[in-house]
Each structure stands twice: as C-alpha cells, then as structure tokens.
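Right, one structure below, let's go through it.
Naming convention: chains lettered A, B, ... in sequence-line order (proteins, then strands); numbering from 1 in each chain.
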2 protein chains.
Amino acid sequence: MLSQSIEDYIKAIYKLQEHNTSVTTNDLAKKMNVSAASATNMVKKLAEMNLAEHTSYKGVTLTEAGTKIALEIVRHHRLLELYLQQALGYTWDKVHEEAEHLEHHISEEFEDRINDFLGNPQYDPHGAPIPSRDGTIPTISKDSLADADEDNEYIMQRVEEESPDFLRYVGGLGLFPNVRFKLIAKEPFKGPLTLRVDGDMKIIGHETASKLYVYRSESA
Amino acid sequence: MLSQSIEDYIKAIYKLQEHNTSVTTNDLAKKMNVSAASATNMVKKLAEMNLAEHTSYKGVTLTEAGTKIALEIVRHHRLLELYLQQALGYTWDKVHEEAEHLEHHISEEFEDRINDFLGNPQYDPHGAPIPSRDGTIPTISKDSLADADEDNEYIMQRVEEESPDFLRYVGGLGLFPNVRFKLIAKEPFKGPLTLRVDGDMKIIGHETASKLYVYRSESA
DNA sequence: AATAAATTTTAGTTTAAGCTAAAAACAAAC
DNA sequence: GTTTGTTTTTAGCTTAAACTAAAATTTATT
Ligand SMILES: [Mn+2]
Ligand SMILES: [Mn+2]
Ligand SMILES: [Mn+2]
Ligand SMILES: [Mn+2]
C-alpha cells in the first residue's frame, strides 16, 4: 500500500500535467505546500518506484503505472463527492474537503458499492469527469465562459474551483452543472458579464467566468 | 488532530479496560501487534498528553480526556459498521475491516449525517452498543450463552468476535442480534449446546457459545 | 530468602516525511 | 559573454513511530 503522502503527490502531478506541459518540482512544491527540497525528494522516490520519470532540473512526468494510480485516486475522490451529495445530503461546497480525506481510505468494495448506488455516474457535483474503473475519462468542455460570445445560449458543464466560498457564490447564482443560461452582454477588457439564468439577470466578473466551463446550447 | 496511531492505542486501552482490571503494556503490545518497547513508548507519550495515567511496571488507565476520545472513535466505528450494512449492503462479516480504517478519517459532519440516516441507532450489526454523542453507552447483556440454562428461551444480544469467518459461521446458523431461540440441551465439561433456531436444530461448541451474549426471553 | 523466569523499561537504530541552508545548474540582463 | 538572479538539488537536521538488544524490575519457583 502506498502512503497517503505518495498518493497525494501523484494526484498533484497528474493535475498539474492536465494544464502545464511540463511539471517542475517547484510547481509541485507549491501545489503540495511543501519546500522545494521536499518535492525533489519525493520526485526522486517516485522515479525510484517507476511511478514517475524525472530528469534533473527539467521536470517530472507520471509513468503509465503512476497515471493509473492517479486515476484511481481521482475516481475515489469524485465518486465520494457525488455520494456525499446524493446519499448524505452534503452541499456542493462541503463535499471536496471530506472527499479529500476519505479518498485514501476506502476499499475497492466501497468504491464499487457507491458507484453502483450512483448508477455508474460520469460526473461529480462540480461537473468534473469521473474516470471509469478501466481509466476512461468522460468528455468535458474546454470552453470557458470567459471566452464565450454575447447573445448565445450556454449550458454549464463544470466549475473549476473547489473553494467553498466560491462554490457557495456560484451556487447562489443558480449556476450548477447542466443549467442553461444566456450570455446577454460581455464588457471588454476583462469586464463583467451579464447572464440570464432561469429568468433572472446576474452580473459576474471575468475572473469568475474564467472558472466556469460551458457548452453551446443547441435549442433556442 | 491526533495521529491514527495514537487513536488506535487509546481505543485498544479502552477495550482492554472493559475486560481486564489493569492493563499492562504487554497486553497493549499484543493487542496492537507491536513490540513491548513500542507500547511503553506510546504509553509514556499518552501520559505526557494527559490522556492516560501510567505507573512504571504497573499499568495504564485512560484519563477522562482519554476515555472521551476512545468513545468518540468507538462511536465512529460502530456507526460506520451499521451504515455500511444498512446503506451500502455490506454483509456483517465485512463491515468491521472497512470501519476500522474509516473511523479515523470521517468528520463530525459525516458522523452526524450517518447517525441521522440511521435514526440515532443504539447498536451496531453485531449488537455492540454505540456510545451516544455525549458518551452514554446503551445497556448490553453480560450473560454468555455458555453460562445459560437448558430449556430456556433466549434472545441474541450480541456477538463478541469480529473475525469474518466466525461471523459467517454464526450468521449461517441464523444467530443475529434480536433473534429468539431455545437452548434445548447443553453437555457438561464445555461440551456442545443444542439450540432450536427458527424451528431448526443447531449444535454449536462451547467456545462459540462463549462469544454469544443473550437475554432471557420472557415469552413462551 | 535466593534464584530463575517473565515482564517492562531504557538505549540506541531505522524509515518516512518534513525542514533549512548551501551548492549547483540554468535563465535573464547587461 | 560575464554577471546576476532564480530554480533545483544536495546535505544535514528533526519528529513520529516502529524495531532490537540490554538493563531493570517484578513475579514465580524452589
Ligand atoms: Mn488527499
Ligand atoms: Mn469536484
Ligand atoms: Mn483503527
Ligand atoms: Mn461491531
């Protein structure tokens, strides 16, 4: 069994890889809230275990084995988030923290049972994709609302932020995954956006919009 | 936050205190599967933290603060066991192991939510009492089936063993908590016992009977 | 009561995961 | 193309939780 620390480092590398091309030890150190030296240490250990490849002064990448572990942890996390919401009535701003701890401690049986309870779901409460048992990842939108066009209808796909305050704010606007809304206006120079959500007008900042990912809605 | 290790030691001392009068470091070492030296070490640390009292070469007892922590962990464990069975369909032989891990990692919110889901229950799937939030412990039977009398009716209260094999065996006999049965015959010198459970005759060994705790049934 | 046996504690190591401070490598600025 | 600055690695130290071996204490046996 891998330590919680190792699992968290692998997950962090995985998440950094999704955005940045190359992941430096410094990126990792920041994400993990440890010193650069600690990150270097762990990276060398992961390389030793063949879970990551490391070239000194260059960066880290997960090996196939490492990626498999990352996906397993991410699956645990997102299934747990959805389970906490659906089965235990957690609000979407509270699920992340609890899942963050539990993800390392549930058995495969637990994973399978909550997966079955939830009907083999594809997305977590924030719209993040849940990797399947065999490592397939459901499709997601790459289009941020910050890059969307005025006068179009959109459907919320996901929120890419986990801070409770932010989620409560976004939830207060009615912007949950699968909710349809219209982008009424958008001011230039990273200015505010005006949306119509369920009949109500809402004004949000560019920063907020940049964390919301959307699909163009087909219908009128 | 206390480490998992500290929590497990405290729980172990608590459980040993339930049976043995004085708990020696050796008892503790055996229960925890560590060397006697490791147990001594931890006991000194617990004493340092005012969670236990330790007199060299004599033994350990939990302080009030230590007992409070023990009860909290036991509550987590038993609520989890019941939740796994009731909400996720675990069989009673599988719940212990999963709960053993999760007990250290759930939040107070999780505890409260599963408690509410279960309707503030008093006993776990094996009939063990679930300490209430404020530390009250539901009553249990102190009478082992091994000390019971022929020709009487009994009601199963609890099984005091957690090994999956044993639980599957006992479950196969139909002997779950709250099940009524009659003790038909009992051979002397730790001999076998004959029971009638739901119309069927079952013969069990003295060793098995000693782990089953029962109430005298009032009805005919 | 004296000796032997068992238990418990002490002393000294090990491993994992963190840290700081200094050295080495790379990148940027002049 | 040096010099300066930033990033990354190395080296050495700390803490928690385990271990073994040896010393101290208690219990049991003659
Ligand atoms: Mn985590
Ligand atoms: Mn999420
Ligand atoms: Mn435990
Ligand atoms: Mn139980």
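- Which of dA25(C), dT9(C), dA18(D) sits closest to the side chain of Ser56(B) comes down to dT9(C).
- At a threshold of 4.0 Å, the pair Arg168(A)-Asp165(A) counts as salt-bridged, since one of the basic side-chain nitrogens sits closer than that to a carboxylate oxygen.
- Taking atom CD of residue Glu7(A) and atom C1' of nucleotide dA16(C), one finds them 15 Å apart after rounding to whole Å.
- Rounded to whole Å, atom C1' of dA18(D) lies 14 Å from atom CD1 of Ile6(B).
- Listed pair His54(B) / dT9(C) meets the phosphate criterion, a side-chain N or O lying under 4.0 Å from OP1 or OP2.
- Of the listed nucleotides (dT20(C), dC26(C), dA24(D)), dT20(C) has the atom at the smallest distance from the side chain of Ala37(A).
- Between the side chain of Thr40(A) and the main chain of Ala36(A), a donor-acceptor pair closer than 3.5 Å is present.
- Taking atom NZ of residue Lys58(A) and atom P of nucleotide dT8(D), one finds them 11 Å apart after rounding to whole Å.
- Contacts between residues 9-28 of chain A and DNA chain D, defined by a heavy-atom separation below 4.0 Å, involve Thr24(A), Thr25(A), Asn26(A), listed by number.
- Protein atom OH of Tyr57(A) is 5 Å distant from nucleotide atom C1' of dT8(D), rounded to whole Å.
- Which of dC19(D), dC19(C), dT9(C) sits closest to the side chain of Ser38(A) comes down to dC19(C).
- The distance between atom CG of Asp8(B) and atom P of dA16(D), rounded to the nearest whole Å, is 18 Å.
- Nucleic acid contact class of Asn33(B) (heavy atoms, under 4.0 Å, all strands): sugar-phosphate only.
- When heavy atoms are screened at a 4.0 angstrom cut-off, Thr40(B) is found touching base atoms of the nucleic acid.
- Under the 4.0 Å criterion applied to side-chain N and carboxylate O atoms, Glu100(B) and Lys11(B) are assigned as salt-bridge partners.
- The existence of a salt bridge linking Arg113(A) and Asp116(A) is excluded, since no basic side-chain nitrogen approaches an acidic carboxylate oxygen closer than 4.0 Å.
- Summarising the geometry, the separation between CD on Glu48(A) and P on dT9(D) is reported as 15 Å, rounded to the nearest angstrom.
- For Ala36(A), counting side-chain heavy atoms from C-beta on, the closest listed nucleotide (dC19(C), dT20(D), dT9(D)) is dT9(D).
- When distances are taken from the side chain of Met42(B) to each of dT26(D), dA18(D), dT8(D), the shortest belongs to dA18(D).
- Considering Leu46(B), Thr67(B), Thr61(B), Leu51(B) as possible partners of Ile13(B), the one that fulfils the side chain to side chain contact (heavy atoms under 4.5 Å, CB included) test is Leu46(B).
- A cation-pi contact, defined as under 6.0 Å to the ring centre and within 45° of the axis, is absent between Lys142(B) and Tyr213(B).
- Between Arg133(A) and Glu111(A), at least one side-chain N (NZ, or NE/NH1/NH2) sits under 4.0 Å from a carboxylate O, which counts as a salt bridge.
- In the set dT9(C), dT20(D), dG18(C), the nucleotide with an atom closest to the side chain of Ser35(B) is dT20(D).
- Regarding contacts with the backbone of dT8(C), every side-chain N or O of Lys44(B) stays at 4.0 angstrom or more from both OP1 and OP2.
- The interatomic distance linking Asn41(B) (CG) with dT20(D) (C1') rounds to 13 Å, in whole Å.
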